[in-house]
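Worth saying up front: this structure is predicted, and the values here are computed from it rather than measured.
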Amino acid sequence: MIALQHISKWYNIGGKPNFVLKDINLNIQEGEFLSIMGPSGSGKSTLLNIIGMLDLPNEGRYDFFGQSVYDMKEKHRQDLYKKNIGFIFQAYHLIDELNVYENIETPLLYQNVKSSERKAMVGDMLDRFNIVGKKDLFPSQLSGGQQQLVGIARALIAKPRLLLADEPTGNLNSKQGEEIMQLFKQLNEEEGITIIQVTHSEKNAEYGSRKIDLLDGRIQQHIKENISL
Amino acid sequence: MLKNYFRVALRSLLKRKGYSLINILGLATGMAVCLLIVLFVKSELGYDRHNEKGDSIYRVVFDRIYPGRSTSYSMIPQSIGPAIQKEFPEVQEVTRVFNFTGGIGNFFMRVGDKTFEEKKVLAVDSNFFRVFTGTFLVGNPATALQQQNAVVLSESAAKKIYGSADAAMGKQFQTDGDGNNTFLVTGVCKDWPGNSHFTFDLLLSVSGFPFIRQPNHTGFAAHTYLLLSPHANPKALESKLPLVVEKYVSGAIEQAFNQSYQDFKKAGNGYHYYLQPLQKIHLISDLEAELSPNGSLASVYIFGVIAVFILFLACINFINLSTARSVERAKEVGIRKTFGSEKNALIIQFLVESVVLALFALLLAIGLMFILLPLFNQVSGKNLTHSYLVQPLFLLVLVVFAILVGVVAGLYPAFVLSSFQPIEVLKGRFKSNKKGLVLRNGLVVFQFAISVILIIAAIVVNQQMRYMLGDRLGFRKDHIIIIERADLLDRRTESFKTELLKIPGVEMITGTSAMPGTQNFFGTSWQKENAKETLTGRGLVVDENFAKTLGLALKEGRFFSKEFGTDSLSVVLNEKAVQELGLGANPVGARLTTPDGFFNAPDGKPYVYTVAGVLNDFHFQSLHQKISPLVITNSARGNGANNLMAVRVKADNFKAAVEDIENKWREFVKDRPFHYNFFDQTLADQYLAEQTTQKIFTVFSSLAIFIACIGLLGLVAYTTQQRTREISIRKVLGATASNIVNMLSKDFLKLVLVTSLIGLPVAWLGMHKWLQDFAYRVNISWWVFVMAAVVAVVIALLTISFQSLKAAFSNPVKNLRSE
């Protein structure tokens, strides 16, 4: 599904390149649940953003379903992105001016889904996450866990095949965090959604099917939980 | 999608109430001013439009060319109009309008035992309503003016005099005066529209006046209007007008001036006739003897420029505040982009938001407009009404206008906001860029520069006005009442004066033909006895108390006095006249003659006048003009009566004395009302245009400052917010509140100072040019600039302190925790 080859990213500080990512090679199959780990500043989020097409590397090649992302036209890439990728953030990043319903609806607006269809889709999602009663509330009226639930619902609304999560439980207490992780596992196993998460927590990483460690912009080791696969 | 945009826009505005309020208020102020000015311009451009054939109506006017100068008149000799019609077939109708009450004065109607004084009386040809369009309530426009004694009343005059239009129809009334003095009401016409270059309450048929039957090609009194056939070419007609002069006027000139027309022309005399399109008269025409004061294209332009400017300033604020708030909105942009929004969609979203805001501003602006309209009418001297505002079409135009403003003001912020990179803002790595800051500072500098310029303009105009009405005039102006039509007292003038002097508080009385500030100083020419060169100057006829009553300073000799029996042949000159007559160092006793018949014996033999004294120059004309030579003669030569009587009253008895004087007038002059003016007011009225300018600058400088302050407030709020963390850390490290205020204010004050420096030269140039219009003017002193800069800085400081104090006294722990 995803193939990164020789991905490097650096900033020039005082004329010298300061590498955030250095020669990353990574293949991710559809249906994987990958955890990216590493200390602060190791390049985890940058790598996630590059995979999510929000950021560009200085060097390297990125194939998404066999198509070279960097050779595509902007329009094409946008379409690919809109249809296939959902994002979840540590700070939830809900839009404060929109209520729960409207926040979840937002991605559909940008995909020109018809109004009646949107209604049905958002309704399903609210049902599924048991937040029908909260659909008219605004983010500031929700707890962190509830906000992240909305964030996940929003990420899933457009039926993406790839879910990217940047420290999704970082702002939550451990119980809420566990629930979110359970949900991820369920999404991955039952619906076959590919998930890539960035996390600090060993425990969260255990939910995944694979783990990579980043240090100073390099991948340290590949751990396969199920080596027999 | 659009619904979603509107929803977000509304919520976003409501969420930041303070910000929205400032923004809406600023924009609404700008819009309100702009709309008022649009109303004004619309009204100015809409003069005389009610006439159905307005496109084909032209007024004939002319330049009377004298040797070395020329004067342009809005009225022409009465026989020229008919001559034009006779010569040129493309002229369908010629109609003439005589301003009956304009120069000559009053028109008194006796209806039963009541007397009405009418001020707007015109005498017109019977075809008046074939050229102009009037709506008759009763009577027939085609025939109403055919009878010699016919009168058409305006609706309001009919109501005032007879109670209703129907009651007025067919009634007769008498007037004073020569000739036919019984009139018959033959029609009542709806009030003439206010936006017309003339108006009337009574329209008399001119055919009843004997003068109209006399051919007259040289004396001018007829405002003459031509109705051209639809395909006539006015330019071509204009070029043929000299033929009329050659054919009809030359004979009359030879008779009147006793020289051949060729010699008359050779001496530098002439008539240049030309046409003015009816609908442009109000805007372009400023000639002698206009039927009412006209507007000017210049003021339409000035107001238009101001409207665009104020709106521009308000839009700048909008841009400023919106971009300043970009940090807050950045997160939303980041999220939306992450979830698939394209840049265009975001641009549209922000535009919708600014349009919504502009629509709110429009609502507020309409409210403001209602409140400001009376003030605006005062400033512009117009009488605009709300009726324009409630027309559906106009409201639609307003909405379109608001949408346009919203788009124009929202475009730049929309581009800025929509171009944020999502990962930057979502990671909190976002910082407002330097370029944006420079732009915003630049915009605020620009606003303050304009404010400083307007403040300086307001101060200088004020100074000049005070100068023009101050004590440098050379005479006293306070507590002097001018009684009009004092000539009606005739032989009882002296006994009236004696009676007035018995009133407590009345100090001194003088009779005069003119007072400073009025136009009644007649043209006159004098020469040294037996000399060839004549002096052309102004003339004044006064009694012996004139100099004392006005406090004029005598330079040499004496003023008129009853003790000198020969004073009827004395003259008093001003310094300028002495100089121009070349009377040298000892003017007193010099002998002068004049070709003016009025000053000579009835049989035409010249009298010789002796100079009795010389007055210091005083400003009897407006300060636009250099002081002219002035020759004052003694009214003792006639029956002692003068047009005007000036009464000087002690300050503390002023009000009561005016009443007593009025009562005395009633005793003496039974059938004429008491008309009077205050001298200081008469003087001020000379400068109506300048007073308007003064008001405009005062109002608009306040507005500009207000708008600039809103801009500054937004900018400071933004900066303070940006630096909250820094401020908190500084406080934790021991900074006092005053340190913080100082730190926050310094940059802005620097900005405002720079601004003032930019504004100063521009203001100096502008005001220097404005002052060139005055022969006597103030110097622009350095303190004006200092003061304007100080005003700007102080206002800016107050605005800044509002925010910076809040920041300085905030609790640092709270701010740092939230980081």
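Of all the heavy atoms in Phe339(B) and Tyr81(A), the pair that sits closest is N-OH, 4.4 Å.
Judged as a side chain to side chain contact (heavy atoms under 4.5 Å, CB included), and not counting sequence neighbours, the contacts of Val741(B) are Ser745(B), Ser804(B), Leu805(B), Ala808(B).
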Below 3.5 Å, can you tabulate the donor-acceptor pairs from side chains in residues 65-75 of chain A to any protein atom, sequence neighbours excluded?
| unit_1 | atom_1 | unit_2 | atom_2 | d |
| --- | --- | --- | --- | --- |
| Ser68(A) | OG | Asp71(A) | OD2 | 2.9 |

Side chains of residues 97-113 of chain A: which donor-acceptor partners sit under 3.5 Å, not counting sequence neighbours?
| unit_1 | atom_1 | unit_2 | atom_2 | d |
| --- | --- | --- | --- | --- |
| Glu97(A) | OE2 | Arg16(B) | NH1 | 3.3 |
| Glu97(A) | OE2 | Arg16(B) | NH2 | 3.2 |
| Asn99(A) | OD1 | Tyr101(A) | N | 3.3 |
| Asn99(A) | OD1 | Glu102(A) | N | 2.9 |
| Glu102(A) | OE1 | Asn99(A) | N | 3.1 |
| Glu102(A) | OE1 | Arg11(B) | NH1 | 2.4 |
| Glu102(A) | OE1 | Arg11(B) | NH2 | 3.4 |
| Glu102(A) | OE2 | Arg7(B) | NE | 3.0 |
| Glu102(A) | OE2 | Arg11(B) | NH1 | 3.4 |
| Glu102(A) | OE2 | Arg11(B) | NH2 | 3.0 |
| Asn103(A) | OD1 | Ile95(A) | N | 2.9 |
| Asn103(A) | ND2 | Ile95(A) | O | 3.1 |
| Asn103(A) | ND2 | Leu98(A) | O | 3.0 |
| Asn103(A) | ND2 | Asn99(A) | O | 3.4 |
| Glu105(A) | OE2 | Arg118(A) | NE | 2.9 |
| Thr106(A) | OG1 | Glu102(A) | O | 2.8 |
| Thr106(A) | OG1 | Asn103(A) | O | 3.2 |
| Tyr110(A) | OH | Arg336(B) | NH1 | 2.8 |
| Gln111(A) | NE2 | Lys82(A) | O | 2.8 |

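Asp96(A) is listed as a side-chain neighbour of Lys331(B), based on a closest heavy-atom distance under 4.5 Å.
The environment of CG in Asn173(A) is crowded: more than 12 heavy-atom neighbours from other residues, nucleotides or ligands sit within 6.0 Å. Open room surrounds NZ on Lys83(A); 12 or fewer heavy atoms of other groups in view lie less than 6.0 Å from it. The environment of CZ in Phe312(B) is sparse: at most 12 heavy-atom neighbours from other residues, nucleotides or ligands sit within 6.0 Å. Under a cut-off of 6.0 angstrom, the local environment of CZ in Phe129(A) is crowded, with over 12 non-hydrogen atoms contributed by other residues, nucleotides or ligands.
Interface with chain A: from residues 345-361 of chain B, residues Ala345(B), Gln349(B) qualify, criterion being any non-hydrogen pair under 4.5 Å.
For Ile85(A), no part lies under 4.5 angstrom from a heavy atom of chain B.
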